[in-house]
Colleague: 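One structure, pasted below without further comment.
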Amino acid sequence: MHAKIRLPSTGTNSPSPPASPRLRHSRSSKHSGRFAHRSFPHRFAWILLSLLVRRRGVLLVVPLLYFSCMLFYTGTLQFDVVSGGIKHSTAVGSVYRSPELYAKLRRDMDAENSTADAMSTIWKRAKGADWKTCINKSSGGLPDSNGYIYVEANGGLNQQRTSICNAVAVAGYLNATLVIPNFHFHSIWRDPSKFSDIYDEDFFVKTLENDVRVVNTIPGYLMERFDHNMSNVLNFKIKAWAPIRYYRDTVLPRLLEEKVIRISPFANRLSFDAPPVVQRLRCLANYEALRFSNPIYRMGETLVSRMKERSVNNGGKYISVHLRFEEDMIAFSCCVYDGGRKELEDMIAARERGWKGKFTKPGRILQPGVNRVNGKCPLTPLEVGLMLRGMGFDRSTSIYLASGQIYNSDRYMAPLLEMFPLLQTKEMLASPEELAPFKNYSSRMAAIDYTVCLHSEVFVTTQGGNFPHFLLGHRRYLFNGHAKTIRPDKRKLTLYFDNPNIGWRTFKRHMLGMRAHSDSKGIELKRPNDSIYSFPCPNCMCHTNKTEDSKTSVP
């Protein structure tokens with residue numbers, strides 16, 4: 001017995017009737033004039049579309065056509081050339097041409113003398129409603145603890161900060177005792193600092209004492225069960241962005257049973273969408289309990305004071321710029337600039353040091369052109385300078401540059417210093433002796449940068465990441481919602497930087513529009529899945545007006 005199959009009753013396939021010759025003639029006569037003046041890609045697309053419509057299959061291939069068009073647009077289909085595992089694109093904005101633009105615009109930029117009005121608007125207070133800090137602290141005692149939670153925070157300074165604040169929230173929600181978080185040693189940051197090296201541990205414990213118990217060590221009688229070895233303690237592997245109910249339903253029962261649990265790694269292991277009781281604890285930890293250790297705090301405050309002294313012509317006001325143009329950042333982004341063979345060799349070596357094998361897997365092709373068009377390439381110092389000059393900041397502007405070791409700094413920093421001669425870094429503001437205790441510790445150096453950026457009049461972020469995200473929220477909290485932060489649209493920037501015909505006035509108009517758009521976002525409210533560390537309103541702050549408070553404190 002054979003399986004039944006369905007065939008036409010005649011046993012032959014019946015072809016569709018041929019199209020009417022008269023219809024074909026009318027179509028060709030109607031469009032022949034247009035075809036003569038169209039390029040090959042246009043004619044090919046038109047013929048393909050005509051055939052698809054004639055065969056009534058257009059609905060089946062619409063997704064394919066859309067995908068193909070997007071590939072043509074981004075320059076990754078037939079206009080790309082693969083060389084040495086790198087796909088080079090010719091799409092607009094895919095090539096680093098900023099030095100050419102700087103050479104073209106520099107004379108008009110320096111000759112302009114109309115920046116006074118623009119500068120006066122920059123220092124104005126950000127518009128919007130008033131906000132005030134709004135975090136209640138508990139005043140009563142705590143019930144008996146359900147057990148001890150030990151977390152291991154991974155990443156750099158601010159990723160560790162996320163872990164700390166989330167750990168406080170989880171421990172408080174579960175009525176557990178939090179052990180001072182342990183910091184992982186990372187192959188990139190290579191900083192062995194402990195919690196007390198970066199934060200004021202006593203102040204942290206004291207601030208949280210009525211909300212969350214925090215201790216330095218687990219009692220010995222409990223650790224005897226584990227041979228005093230933390231690796232023997234039950235380790236929860238928790239998925240990223242887990243909801244708080246997971247901790248209540250899954251972690252709490254084991255905590256009650258074991259009395260000690262470990263969570264490693266812990267970065268980003270708690271959802272941003274959480275009930276008010278959890279958000280309050282996050283706010284309390286981030287904005288009130290976490291204070292840098294005394295050596296870092298004093299060094300940061302000293303540099304803030306020196307920046308204000310050097311900004312006397314602007315009323316003591318300065319802007320801060322977070323620049324991510326370190327070698328490892330460029331290597332990870334897989335972007336190509338203009339360094340030639342030396343740059344290529346440096347990036348290959350950096351990728352192997354930090355992410356051995358990740359970028360050399362068989363078949364993996366790097367696409368720097370696509371990355372640039374999509375706004376994923378770190379801005380160079382030159383590009384940051386062009387952007388800021390276009391936004392109205394003139395040569396008299398005091399700038400604090402927060403950054404690690406700039407790649408090929410002698411070459412890449414020269415144009416930025418030409419545009420902003422009053423630019424300062426921590427290495428320029430402080431003596432080698434003053435920086436010696438922090439010099440070989442990336443997190444401590446980042447904490448100093450964080451402090452100086454926190455108190456600037458305007459903060460400019462150029463790449464994203466945890467550092468600007470935390471600063472964005474902290475400045476909103478510190479300045480009651482009126483802090484100014486500039487977050488440029490890097491996709492648009494790549495198009496402007498790659499336009500050889502753009503003039504200074506046009507370029508400046510685009511930059512001023514970008515700056516105004518950034519300023520308007522100073523008081524954004526947190527949406528459900530937004531980071532509370534970037535958007536403290538309304539969970540950590542209360543909205544007010546001239547007559548009365550429109551909201552009460554967060555419960």
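Quick caveat: nothing in here was measured; it's all calculated off a predicted structure.
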Colleague: Does the K104 side chain pair with the main chain of I502, one donor and one acceptor, at a distance under 3.5 Å?
Modeller: yes

Colleague: So, Y96 versus D498: side-chain donor-acceptor pair below 3.5 Å or not?
Modeller: no

Colleague: Could you walk me through whether M223 and M230 satisfy the side-chain contact (heavy atoms from CB on, under 4.5 Å) test, starting with their C-alpha distance in whole Å, then the side-chain angles of each, then the deciding distance to 0.1 Å, before giving a yes or no?
Modeller: CA-CA 8 Å; M223 289 304 296; M230 187 58 67; 4.1 Å; yes

Colleague: Find out whether M109 and M419 are in side-chain contact, i.e. whether some heavy atom of one side chain is under 4.5 Å from a heavy atom of the other.
Modeller: yes

Colleague: Would you indicate whether the side-chain heavy atoms of P381 and L323 approach each other to under 4.5 Å?
Modeller: yes

Colleague: Using modelled atom types only, decide if a donor and an acceptor are shared between the side chain of D227 and the backbone of N229 within a distance under 3.5 Å.
Modeller: no

Colleague: Can you confirm whether P378 sits close enough to S333 that some side-chain heavy atom of one is under 4.5 Å from a side-chain heavy atom of the other?
Modeller: yes

Colleague: Does a sphere of radius 6.0 Å around CZ in R411 hold more than 12 heavy atoms from other residues, nucleotides or ligands, not counting ones at 6.0 Å or beyond?
Modeller: yes

Colleague: Using the six-membered ring wherever Trp is involved, compare the ring planes of F292 and Y450 and label them parallel, tilted or perpendicular (cut-offs 30° and 60°).
Modeller: perpendicular

Colleague: I need the minimum non-hydrogen distance between L101 and Y496, along with the two atoms involved.
Modeller: CD2-O, 3.7 Å

Colleague: Is any side-chain N of the basic residue among K194 and D197 closer than 4.0 Å to the acidic one's carboxylate O?
Modeller: no

Colleague: Hydrogens and angles aside, do Y337 and N408 bring a side-chain donor and acceptor to less than 3.5 Å of each other?
Modeller: no

Colleague: If you round to the nearest 0.5 Å, how far is CD1 of I149 from CG of L174?
Modeller: 5.0 Å

Colleague: Looking only at heavy atoms, which two atoms of L423 and M428 are closest? And how far apart?
Modeller: O-CE, 3.2 Å

Colleague: Report yes if some heavy atom in the side chain of L493 is under 4.5 Å from a heavy atom in the side chain of E383; otherwise report no.
Modeller: no

Colleague: Backbone N or O of G513 within a donor-acceptor pair of the H517 side chain at under 3.5 Å?
Modeller: no

Colleague: Look at D346 together with R351 and state whether they make a salt bridge at an N to O cut-off of under 4.0 Å.
Modeller: no

Colleague: Applying side-chain hydrogen bond (donor to acceptor under 3.5 Å, both in side chains), can you list everything that pairs with H184, at least two apart in sequence or on another chain?
Modeller: E152

Colleague: Which of parallel (below 30°), tilted (30 to 60°) and perpendicular (above 60°) describes F332 and W355?
Modeller: tilted

Colleague: To the closest 0.5 Å, what do you measure between CG (N374) and OG (S94)?
Modeller: 11.0 Å

Colleague: Any donor-acceptor pair under 3.5 Å linking the side chain of S320 with the backbone of S456?
Modeller: no

Colleague: Atom CG in L388, atom CG in L416: separation rounded to 0.5 Å?
Modeller: 7.5 Å

Colleague: Would you name the heavy atoms of R515 and M391 that are closest together and state the gap between them?
Modeller: NH1-O, 2.8 Å

Colleague: How long is the gap from OG on S403 to CG on D449, to the nearest 0.5 Å?
Modeller: 7.5 Å

Colleague: Less than 4.0 angstrom from a charged side-chain N to a carboxylate O is my criterion; do R487 and E524 meet it?
Modeller: yes

Colleague: Quick one, L429 with V452, criterion side-chain contact (heavy atoms from CB on, under 4.5 Å). Give me CA distance, side-chain angles, the key distance, then yes/no.
Modeller: CA-CA 11 Å; L429 286 171; V452 186; 5.5 Å; no

Colleague: Donor-acceptor pair, distance only, cut-off 3.5 Å: does the side chain of K490 make one with the backbone of C377?
Modeller: yes

Colleague: Search all heavy atoms of S163 against all heavy atoms of N154 and return the closest pair with its distance.
Modeller: OG-N, 4.3 Å

Colleague: For Y199, check side-chain hydrogen bond (donor to acceptor under 3.5 Å, both in side chains) against everything at least two apart and list the hits.
Modeller: none

Colleague: Whether E326 and R324 form a salt bridge (side-chain N of Lys/Arg under 4.0 Å from carboxylate O of Asp/Glu) is what I want to check.
Modeller: yes

Colleague: I'd like to check W241 versus N268 (side-chain heavy atoms, cut-off strictly below 4.5 Å). Are they in contact?
Modeller: yes

Colleague: Taking it one step at a time, do Y148 and I261 satisfy side-chain contact (heavy atoms from CB on, under 4.5 Å)?
Modeller: CA-CA 6 Å; Y148 293 82; I261 62 170; over 6 Å; no

Colleague: Check the pair E418 / Y102 against side-chain hydrogen bond (donor to acceptor under 3.5 Å, both in side chains), numbers first and verdict last.
Modeller: CA-CA 11 Å; E418 288 174 355; Y102 177 51; 2.9 Å; yes

Colleague: Any side-chain to backbone donor/acceptor pair from N232 onto F226? Under 3.5 Å, distance only.
Modeller: yes

Colleague: Output the distance between atom OG (S443) and atom CD1 (I448), rounded to the nearest 0.5 Å.
Modeller: 11.5 Å

Colleague: Is the backbone N or O of K492 less than 3.5 Å from a side-chain atom of D489, with the two atoms forming a donor-acceptor pair by type?
Modeller: yes

Colleague: Answer with yes or no whether the side chains of R161 and N466 bring together a donor and an acceptor at under 3.5 Å.
Modeller: no

Colleague: Any side-chain to backbone donor/acceptor pair from R372 onto V336? Under 3.5 Å, distance only.
Modeller: yes

Colleague: Checking side-chain contact (heavy atoms from CB on, under 4.5 Å) for the pair I180/E201: CA distance, chi angles, key distance, verdict?
Modeller: CA-CA 8 Å; I180 289 291; E201 187 173 314; 3.9 Å; yes

Colleague: Where do I164 and P181 come nearest, in terms of heavy atoms and distance?
Modeller: CG1-CG, 4.1 Å

Colleague: Could you tell me if the side chain of L454 sits less than 4.5 Å from the side chain of F459, heavy atoms only?
Modeller: no

Colleague: Determine the interplanar angle of the F183 and F195 rings, folded into 0 to 90°, and report it as parallel if under 30°, tilted if 30 to 60°, perpendicular if over 60°.
Modeller: tilted

Colleague: Between the side chains of E327 and R353, is the shortest nitrogen-to-carboxylate-oxygen separation below 4.0 Å, so that they form an ion pair?
Modeller: yes

Colleague: If you look at every heavy atom in L105 and G503, which pair is closest and at what distance?
Modeller: CD2-C, 3.8 Å

Colleague: Is D530 reaching over with its side chain to a backbone N or O of R527, donor-acceptor style, under 3.5 angstrom?
Modeller: yes

Colleague: Taking the side chain as every heavy atom from C-beta outward, state whether I330 and F325 have any pair of such atoms under 4.5 Å apart.
Modeller: yes

Colleague: Between N166, T162, N286, which is the residue that forms a side-chain hydrogen bond (donor to acceptor under 3.5 Å, both in side chains) with Y533?
Modeller: N166

Colleague: With distance as the sole test, does K237 use its side chain to make a donor-acceptor pair with the main-chain N or O of S264 at under 3.5 Å?
Modeller: yes

Colleague: Which distance, rounded to the nearest 0.5 Å, do you find between the CD1 of I218 and the CZ of R262?
Modeller: 10.0 Å

Colleague: Below 4.0 angstrom, N of the basic side chain to O of the carboxylate: do K342 and E345 qualify?
Modeller: no

Colleague: What I'd like to find out is whether the side chain of E427 reaches to under 4.5 Å of the side chain of T425, using heavy atoms alone.
Modeller: yes

